[in-house]
Amino acid sequence: MTALLEIRNLQKHFPVRGGFLRRVVAQVKAVDGVSFKLEFGKTLGLVGESGCGKSTLGRAILQLQKPTGGQVILEGEDLTAASPARLLEMRREMQIIFQDPFASLSPRRTVAQTIREPLEVHHIGTPAERNRKVEELLQVVGMRSNVLDRYPHEFSGGQRQRIGIARALALNPKLIIADEPVSALDVSVRAQVLNLIAGLQREHGIAFLFISHDLSVVEHVSDHVGVMYLGKMVELAPAKEIYRDPRHPYTQALLSAVPVPDPKRKSKRIVLTGDVPSPMNPPPGCPFHKRCPKVMDVCSKVVPPVVDVGSADKPHRVACHLHS
């Protein structure tokens, strides 16, 4: 079966300019050679520290930021080579839920105008059909139609995020990139929104790329989990395998920091020393070697190859010299 989304060696570098002539003097390698596949109706959780390139990867997939290199294959078609007109058509198949529900909605647009906008941009339906669609979408996300003429400032954070989800669903997409969709919400509201997303996936078969720094949230919603560090994917495996048997030292350190809801159970915390290197000047060899508690001589000289340490039915890819 062909994957819905296939990312091949995707790169996004930002030029750094300096001097009197504002010439390019360096490159910030925000995403540096990421590859993975996402099947129809599945969720890939993407985790890592702030600044590792998760959000930039999501925007590069959607072509909101043009990739520097690599390919984004959606249902067999390369988005990086698509014409502007074709890309506009393909945008119907992929949408995004932004992190901040307070900033992602225009304060000058009512709920109805916000949700109806994608239908108008793509010229879908008559005005009456669009209005009916907006009411249906509000019901899907658990809101009443009497809020149609209200503005974003009249809602709570959880309600605003539901409006954002309704907008993302308007075009019946096959892929939704959820960029930290619950990080700005209270814990109780967070659970409601996560359950809503899970229910929508079961009912409509939408594939999600779920970006988060909260590993407990990712475990709840993901089929597979990818771990990013300094613009690279260092580990990728089924969610249960990642949480049961993490292979990369960075993944092990992240999981050791997850709070355990049992006061009698003691977990051994792996404390990483040093700061995250700059993506403008990444270290040679393994990007994690300066903070790795299991570092070897080869780590500072050779980039670790991506190897599969799993089985045929449960591939488990990791980029670490401990397994090469």
Side-chain angles (χ1 to χ4, degrees), residues 5-36 46-74 77-91 94-108 117 121 164 177-180 183-184 209 211-213 226-234 250 272 274-291 299-304 319:
L5 177 69
E6 182 177 358
I7 306 302
R8 299 177 183 171
N9 194 33
L10 193 65
Q11 301 171 342
K12 178 56 185 176
H13 299 170
F14 295 95
V16 178
R17 299 182 182 275
F20 178 74
L21 298 177
R22 306 299 295 168
R23 292 174 176 170
V24 176
V25 296
Q27 296 281 346
V28 175
K29 298 179 180 180
V31 177
D32 195 24
V34 172
S35 300
F36 64 86
L46 198 60
V47 300
E49 293 172 287
S50 297
C52 71
K54 304 186 300 297
S55 296
T56 302
L57 175 61
R59 285 168 167 77
I61 291 172
L62 293 174
Q63 308 298 297
L64 297 178
Q65 294 175 333
K66 198 66 176 176
T68 305
Q71 294 177 294
V72 178
I73 312 295
L74 184 68
E77 186 168 350
D78 186 2
L79 299 183
T80 61
S83 65
R86 181 54 182 160
L87 186 58
L88 178 62
E89 294 177 6
M90 295 297 291
R91 288 196 189 281
M94 51 185 186
Q95 294 293 310
I96 185 170
I97 301 171
F98 293 98
Q99 175 180 358
D100 187 356
F102 300 93
S104 62
L105 303 178
S106 172
R108 298 184 178 184
E117 183 179 15
V121 169
I177 294 180
D179 186 6
E180 307 231 27
S183 63
L209 178 63
I211 300 170
S212 179
H213 64 274
V227 182
M228 285 190 67
Y229 183 81
L230 209 64
K232 295 183 179 293
M233 188 82 77
V234 297
Y250 178 61
L272 299 178
D275 297 325
V276 180
S278 169
M280 188 168 62
N281 186 28
C286 175
F288 185 59
H289 81 264
K290 290 191 174 182
R291 304 176 70 200
C299 299
S300 61
K301 303 173 184 176
V302 181
V303 177

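In this text, all values refer to a predicted model and were calculated from it rather than measured experimentally.
Figure legend: cation-pi geometry between K12 and F14, with NZ or CZ positioned under 6.0 Å from the six-membered ring centre and within 45° of its axis.
Q63 contributes no side-chain N or O that, together with a main-chain N or O of R59, makes up a donor-acceptor pair within less than 3.5 Å.
Y229 has its side chain within reach of V276: a pair of non-hydrogen atoms, C-beta onward, lies under 4.5 Å apart. Residues K29 and Q11 have side chains not in contact (no heavy-atom distance under 4.5 Å, counting atoms from C-beta outward). Using a 4.5 Å heavy-atom threshold, the side chains of L46 and M233 count as touching.
Looking at residues two or more places apart in sequence or on another chain, you find a side chain to side chain contact (heavy atoms under 4.5 Å, CB included) between P101 and R160, Q161, A184, L185. Taking the side chain to side chain contact (heavy atoms under 4.5 Å, CB included) definition, one finds that A26 meets it with V16, M280, sequence neighbours left out. Under the rule for a salt bridge (Lys or Arg N to Asp or Glu O under 4.0 Å), the partners of E6 that lie at least two apart in sequence or sit in another chain are R8. Listed by chain and number, the residues in a salt bridge (Lys or Arg N to Asp or Glu O under 4.0 Å) with R86 are E77, E89 (sequence neighbours excluded).
The two residues A60 and P67 make their nearest non-hydrogen contact at O-CG, 3.7 Å.
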*Residue pair I7, V72: steps toward the side chain to side chain contact (heavy atoms under 4.5 Å, CB included) verdict*: CA-CA 5 Å; I7 306 302; V72 178; 3.9 Å; yes
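Residue pairs meeting the side chain to side chain donor-acceptor pair (under 3.5 Å) criterion with at least one partner in residues 13-22, sequence neighbours excluded, are H13-D32.
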Exercise answer: donor-acceptor pairs, residues 47-58 side-chain atoms, under 3.5 Å, sequence neighbours excluded:
from: E49; atom 1: OE1; to: Y250; atom 2: OH; distance (Å): 3.1
from: E49; atom 1: OE1; to: R291; atom 2: NH1; distance (Å): 3.1
from: K54; atom 1: NZ; to: G48; atom 2: O; distance (Å): 3.1
from: K54; atom 1: NZ; to: E49; atom 2: O; distance (Å): 3.3
from: S55; atom 1: OG; to: D179; atom 2: OD1; distance (Å): 2.9
from: S55; atom 1: OG; to: D179; atom 2: OD2; distance (Å): 3.1

